[in-house]
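Letters A, B, ... mirror the listed sequences (proteins, then strands); counts begin at 1. When reading the values below, keep in mind they use all heavy atoms of this one structure, side chains included, and skip hydrogens, waters and symmetry mates.
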Protein chains: 2
Amino acid sequence: MAERNGKRPTIYDVAQEAGVATSTVSRALANPERVNARTREHVLTVAERLGYRTNPLARALPSGRTQTVALSVSDITNPHFFGVIRGAEQQTRAAGYTLILGDTEESPDLETSNIERLSGSVDGFVIAASRMSDEQIATLATSHRLTLLSRQVPGVPSVIVDHEDGTRQIIEHLASLGHTSVVYLAGPRRSWLASRRWHSIQASAARHGMTATRLGPFPPAVVGGAAAADATIGHGATAAIAHNDLLAIGMLRRLAARDVHVPRDLSVVGYDDIFGTDFCSPPLTTLAGHFEEAGRLAVDLLLGSRRGGPAPQRVLPSYLVVRESTGPALR
Amino acid sequence: MAERNGKRPTIYDVAQEAGVATSTVSRALANPERVNARTREHVLTVAERLGYRTNPLARALPSGRTQTVALSVSDITNPHFFGVIRGAEQQTRAAGYTLILGDTEESPDLETSNIERLSGSVDGFVIAASRMSDEQIATLATSHRLTLLSRQVPGVPSVIVDHEDGTRQIIEHLASLGHTSVVYLAGPRRSWLASRRWHSIQASAARHGMTATRLGPFPPAVVGGAAAADATIGHGATAAIAHNDLLAIGMLRRLAARDVHVPRDLSVVGYDDIFGTDFCSPPLTTLAGHFEEAGRLAVDLLLGSRRGGPAPQRVLPSYLVVRESTGPALR
DNA sequence: CTGAAAGCGCTAACAT
DNA sequence: ATGTTAGCGCTTTCAG
């Protein structure tokens, strides 16, 4: 074996063994069409025989291409992101890239520092549920390749699941059950989704002659559910839309503890259709979307993005999954 | 600003601006103690002013240290891994490293190809719930830095949650409820955990005069639960231990559909204490462990590992969380 | 189509 | 304590 004392063989070893220049090896590997078919084959065979593996770092340094993308999520323990992560990971791998994962724990500071730190070692960022301001994101987009997930900022590529039409579906569902008063248990103040959802709820509710009230914000986690449930009971509405399923599930538990029957006394709706929504009690009515697909698409947009073109803003369909947490208004 | 036409400043720019050699800049940045306090401060100031950011790739190439670790999980959609991932991500970041995530989708081939691919661009691997053979792992360990999570192989550093003592807790709990026959709904054939758990169940059951039967294997996911439930009913045991909570939850649903009451007709126990076990119906009795801690520890072992020393095999405690899916044996 | 050679940005001996 | 000088392994002009 022609490998230099225990170290991994380099293109230099391959070149020598194959009797060609290193540049030829490099081309045979990276731009197969720019080298004679015979030599290419020969080089590839030798490389194979030597057990040559290209060193991604060395390749990245001169070319600037790291073949790596970073995915930043706001809370890795939220099952909602499983789909996103899996989709992104699959697509990343399929494109021959590697996925770096960052959990920003709902903190915009951690988000920026993460990006700052990774900048230079990745080719781009997919930022899911960003907590940064529009301005921060727009600025970042001028110096970094990025695509947004569940967030839209003018001029920045993004993919979201249709919250507007989805919210319409929710409101119409509630209206058809005779509800005339609904509360929205809001998510984090910095959450773009939270403000959009509230916006859509107001608009749809108005069209159906319903009154809508926003309560909160609440932490978008199961623990936030107790306070959200209490606030809802205090308000007296017959229907509640929680910022996400985690919060809705937390509410369900508190409501049960306080003997408020769902859906008889109160209808509850969530967003995301996460793991568990089909076996909590009662099973949760929630707005579903194809988040795995969203993750894939976000990576696609990132890797396919050309500077200069208009930033694509993709909107994936959403659909209401009606389970047992919603029922007729009895007041 | 002294940055060369739009490109990021390099240590070369800093060196020139500060009137020192690049090596001094390099030292000031990486080995602060090996440079005069005054010059260090000066260099740092200049670097700051120029907006210098060290290029991780360029740093990695000559040194071989990428400041990156890879985490490989067998199924990213299994909530069990949330804790592991978050713990690993935190500890990785705390150590100034970056986390690369790989989902191997229960496939040993994907697992090896992933490692193969990443080898060279990471400093080490944390492999959770590996589906590779002991031999493969042992071989890999000779050429790569790695630590195992939820898996033990002689000579390879690992951290697991105590399945043996945990299984003893489960069996004693069932025995105290009067159960004399228990079935184990097995996980994947290549799962080390599955075989260890079965082993422990047999041993503990024998000590308590219980008969234990293994059924399966079943896919360790909710969808596997239906078949597992049917097999259990066919067998006639009064207690069932599922390979993991996903499977147990799937069983719960099928049992309810078939009008088998839990725990009156059958007691069900799971492993992992994942998200959802406290609100499924009935809430699931399951073996819990600190998986976030396990993730952190695995990264610690990896980064702290010295070649030559004995491979640490850490065992974290497990504890049985008794909920409502287990009750007295009525037959 | 292929080879020679100059880097990519940083580290690490080796000198001074 | 600091400067000089080779590289790390690969890509990429530029010649031939």
Side-chain angles (χ1 to χ4, degrees), chain A residues 2-44 46-47 50-68 96 119-123, chain B residues 2-44 46-47 50-68 96 119-123:
Chain A
E3 37 171 294
R4 313 196 310 268
N5 47 342
K7 302 184 65 66
R8 287 167 53 137
T10 70
I11 55 168
Y12 195 86
D13 300 313
V14 177
Q16 180 163 321
E17 185 76 8
V20 298
T22 58
S23 50
T24 301
V25 176
S26 176
R27 287 191 202 99
L29 260 27
N31 308 70
E33 75 285 0
R34 293 181 47 180
V35 76
N36 181 296
R38 289 176 53 82
T39 39
R40 182 201 324 150
E41 202 134 331
H42 177 221
V43 168
L44 261 30
V46 172
L50 260 44
Y52 169 81
R53 317 265 68 192
T54 144
N55 178 331
L57 269 57
R59 156 137 41 195
L61 191 47
S63 68
R65 293 176 247 108
T66 61
Q67 302 282 100
T68 292
S119 158
S121 34
V122 302
D123 289 344
Chain B
E3 39 172 292
R4 314 197 307 268
N5 47 341
K7 301 183 65 66
R8 290 166 51 136
T10 70
I11 54 168
Y12 194 85
D13 300 312
V14 177
Q16 181 163 321
E17 186 76 7
V20 298
T22 59
S23 52
T24 301
V25 176
S26 177
R27 286 190 203 99
L29 261 25
N31 307 70
E33 75 285 359
R34 294 182 46 180
V35 74
N36 181 297
R38 289 176 53 83
T39 39
R40 181 200 327 148
E41 202 136 327
H42 178 221
V43 168
L44 261 29
V46 172
L50 260 44
Y52 169 81
R53 317 264 69 190
T54 144
N55 179 332
L57 270 57
R59 174 177 334 229
L61 191 47
S63 67
R65 293 176 248 107
T66 61
Q67 302 283 100
T68 292
S119 158
S121 33
V122 301
D123 289 345

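Counting only heavy atoms from C-beta on, A:I11 has its side chain closest to D:dT11 among D:dT11, C:dG9, D:dG3. Of the candidates D:dA1, D:dC8, C:dG3, the closest approach to any side-chain atom of B:L61 belongs to D:dC8. For B:T10, the side-chain atoms get nearest to C:dC10 when compared with the rest of C:dA12, C:dG3, C:dC10. Closest to the side chain of B:N36, out of D:dA1, D:dT4, C:dG9, is D:dA1. Closest approach to the A:S26 side chain among D:dT11, C:dT11, C:dG9 is made by D:dT11 (side chain taken as heavy atoms from C-beta onward). Among D:dA1, C:dC1, C:dC10, the nucleotide with an atom closest to any side-chain atom of B:N55 is C:dC10.
Using a 4.0 Å heavy-atom cutoff across all strands shown, B:V25 reaches no nucleic acid atom at all. Using a 4.0 Å heavy-atom cutoff across all strands shown, B:R38 reaches no nucleic acid atom at all. Contacts of A:R65 with the nucleic acid, taken as non-hydrogen atoms under 4.0 Å apart, involve only primed sugar atoms and P, OP1 or OP2.
The separation between B:N31 atom CG and C:dA12 atom P is 7 Å, rounded to whole Å. Distance B:R8 CZ to C:dG9 C1': 11 Å, rounded to the nearest Å. Following rounding to the nearest Å, A:L29 (CG) and D:dG9 (P) show an atom-to-atom distance of 15 Å. Straight-line distance from the CG atom of A:L57 to the C1' atom of D:dG7: 16 Å, rounded to whole Å. A:R27 has its CZ atom 8 Å from the P atom of C:dT2, to the nearest Å. Here C:dG3 presents its P atom at 14 Å from CD of A:Q16, a figure rounded to the nearest Å. Summarising the geometry, the separation between CD on A:Q67 and P on D:dC10 is reported as 14 Å, rounded to the nearest angstrom.
Between B:V43 and B:V20, the shortest heavy-atom contact is CG2-CG2, 4.1 Å. For the pair A:P32 and A:R40, the tightest heavy-atom approach, listed with the atom from each and the gap, is O-NE, 3.0 Å. The minimum heavy-atom distance between B:L61 and A:L57, with the atom names listed, is N-CD2, 4.2 Å. Among all heavy-atom pairs drawn from B:A15 and B:A21, the shortest one is CB-C, 3.8 Å. Smallest separation of non-hydrogen atoms from B:T66 and B:A60: CA-CB, 3.9 Å. Of all the heavy atoms in B:T54 and B:R59, the pair that sits closest is OG1-NH2, 3.4 Å.
Under 4.0 angstrom from either OP1 or OP2 of D:dG3 there lies no side-chain N or O belonging to B:R34. Put simply, A:Y52 has a side-chain N or O that comes within less than 4.0 Å of OP1 or OP2 on D:dC10. Under 4.0 angstrom from either OP1 or OP2 of D:dT12 there lies no side-chain N or O belonging to A:S23. Phosphate proximity of C:dC10 to B:R53: absent, as no side-chain N or O sits under 4.0 Å from OP1 or OP2. At D:dG9, none of the side-chain N or O atoms of A:R59 fall inside 4.0 Å of OP1 or OP2 (strictly under the cut-off).
Mapping B:T39 and B:S63 onto DNA chain D via the closest heavy atom, the residue that lands nearer the 5' end is B:T39. Each of B:G19 and A:T22 has a nearest nucleotide on DNA chain D; the 5'-most of these lies closest to B:G19.
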